[in-house]
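All ligand and atom numbering here is 1-based and tracks the order in the structure.
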Amino acid sequence: MATLNPSRQGEGGKKDEWSLADFEIGKLLGEGKFGKVYLARERESGYVVALKTIFKEKLDKYQYHNHLRREIEIQCSLEHPNVLRLYAWFHDETRIFLILEYAAGRELYKLLQDLKCFSEKRASTYIASLTRALAYLHEKQVIHRDIKPENLLLDLEGRLKIADFGWAVQSSAKRHTMCGTIDYLAPEMVEKKAHDHAVDNWTLGVLCYEFLYGVPPFEEEDQGNTFRRIMKVDLRFPPTPYVSAEAKDLISKLLVKDSSQRLSLQKILEHPWIVKHADPSGSCNTLT
Ligand SMILES: CCc1cccc(CC)c1NC(=O)n1cc2c(c1)/C(=N\C(=O)c1ccc(N3CCN(C)CC3)cc1)N=N2
């Protein structure tokens, strides 16, 4: 398999930048607030990547420069099977280009829409992969803060990849910035209090619930009501035979207001529901 040489050391060790001319652009993969993502092939090596374009004028409009710089610094430094690789970046007069790993499966949120909800095997496999990825991020002092289905991709083997580090931060000190969508915010973030990596543990509980029930646990028409339910940890489990007591136990141990009392990432991987149902390979391409 050809490998993309991120630093692109030339033969003579001469370091030269990537440019658009190095790539053959393929189909449009997705569209975001700042630009589009295309399938692309690096001409020399034949390596297939996802090329994310960000319009510089959009950065000005949303004052996003610092976010993007942090996103690039953080994601370039990460190497984990469940974290989408950012190999390198370059820019031209109008755009910034991120050379990203291509996840050929699909977006996870669309799969969740199609299936309505996931089986316990599929949900636990994704939660285990996310937990291992977060353990790696937290080891590197990185808090993602914006883990939601829209930021998760699947590769061809059905392995989960965390993408979009736009809200990630290096967490030495406690953080105070408000970010992410309402449904996934931990109480301490809703209250704009100082927060740390434990916010990602809370989010794992929200995602586990959403994977099994098809909707996030505190979802309400009105945003104010969502905030109130998060602050009260007003957690309800609709009666259904498809969600086991162990699953509810794990969710209840993550959606805990006191961030120091949330189940640790290590304890999640040892939880009976994960041990019993999660596929050790991290991929589950069965259709259910
Ligand atoms: C600009 C788009 C955007 C905005 C915001 C956040 C994110 C991260 C998820 C992104 N995407 C992003 O950065 N992305 C980086 C990526 C990436 C997106 C990607 N793949 C896909 O998006 C994709 C979509 C559908 C697909 N299917 C193939 C089989 N078909 C049957 C169904 C369709 C196959 C792959 N690989 N690296």
Please work out whether the ring planes of Trp273 and His277 are parallel, tilted or perpendicular, with thresholds of 30° and 60°.
tilted

Glu101: numbered ligand 1 atoms lying under 4.0 Å from its heavy atoms:
16 (C), 36 (N), 37 (N)

In the protein, what heavy atom is nearest to atom 7 (C) of ligand 1, and what distance, to one decimal place, separates them?
Lys52 NZ, 3.8 Å

May I have the step-by-step check of side chain to side chain donor-acceptor pair (under 3.5 Å) for Arg132 and Tyr136, ending in yes or no?
CA-CA 6 Å; Arg132 279 191 283 273; Tyr136 170 76; over 6 Å; no

closest protein heavy atom to atom 26 (C) of ligand 1 is Gly105 O, 3.6 Å

Quick one: do Lys148 and Glu150 make a salt bridge, cutoff under 4.0 Å?
no

Shortest non-hydrogen contact from Leu112 toward Phe211:
CD1-O, 4.1 Å

Would the number of heavy atoms belonging to other residues, nucleotides or ligands and lying under 6.0 Å from CZ of Arg229 be above 12?
yes

Can you tell which part of Lys33 has a heavy atom less than 4.0 Å from ligand 1: side chain, backbone, both or neither?
neither

What residue and atom, counting heavy atoms only, is the protein's closest point to atom 19 (C) of ligand 1, and at what distance?
Ala103 O, 3.7 Å

Is the shortest side-chain heavy-atom distance between Leu204 and Leu263 below 4.5 Å?
no

Closest approach of any protein heavy atom to atom 22 (O) of ligand 1, naming residue and atom:
Leu29 CB, 3.9 Å

Numbered in order shown, the ligand 1 atoms found under 4.0 Å of a heavy atom of Ala50 are 16 (C), 36 (N), 37 (N)

Looking only at protein heavy atoms, identify the closest one to atom 15 (C) of ligand 1 and say how far it is in Å.
Leu84 CD2, 3.7 Å

Atom 1 (C) of ligand 1 has as its nearest protein heavy atom Val37 CG2, 3.1 Å

Which segment of Leu152 sits under 4.0 Å of ligand 1 when only heavy atoms are counted
neither

Please determine which of Tyr47, Phe23, Phe97 meets the ring pair (Phe, Tyr, Trp, His ring centres under 6.0 Å) test together with Trp18.
Phe23

Test item, Lys161 contacting ligand 1 (heavy atom, 4.0 angstrom):
no

List ligand 1 atoms under 4.0 Å from Glu150, heavy atoms only on the residue side.
9 (C)

Quick one: which ligand 1 atoms are inside 4.0 Å of a heavy atom on Gly32?
1 (C), 4 (C)

Are there more than 12 heavy atoms of other residues, nucleotides or ligands under 6.0 Å from atom NZ of Lys267?
no

If you have a sec, work out which protein heavy atom is nearest atom 18 (C) of ligand 1 and how many Å separate them, to one decimal?
Leu153 CD1, 3.7 Å

Charged N to carboxylate O below 4.0 Å: is that the case for Asp249 and Lys253?
yes

Does the protein place any heavy atom closer than 4.0 Å to atom 31 (C) of ligand 1?
no

Return the closest protein heavy atom for atom 8 (C) of ligand 1 as residue, atom name and distance.
Ala163 CB, 3.6 Å

Result for side chain to side chain contact (heavy atoms under 4.5 Å, CB included) between Ser129 and one of Asn82, Ile162, Leu152, Asp279 points to Asn82

Have a look at Arg85, Glu107, Lys36 and point out the one with the heavy atom closest to atom 25 (C) of ligand 1.
Glu107

Assess whether a salt bridge exists between Glu188 and Arg262, defined as any Lys/Arg side-chain N lying under 4.0 Å from an Asp/Glu carboxylate O.
yes

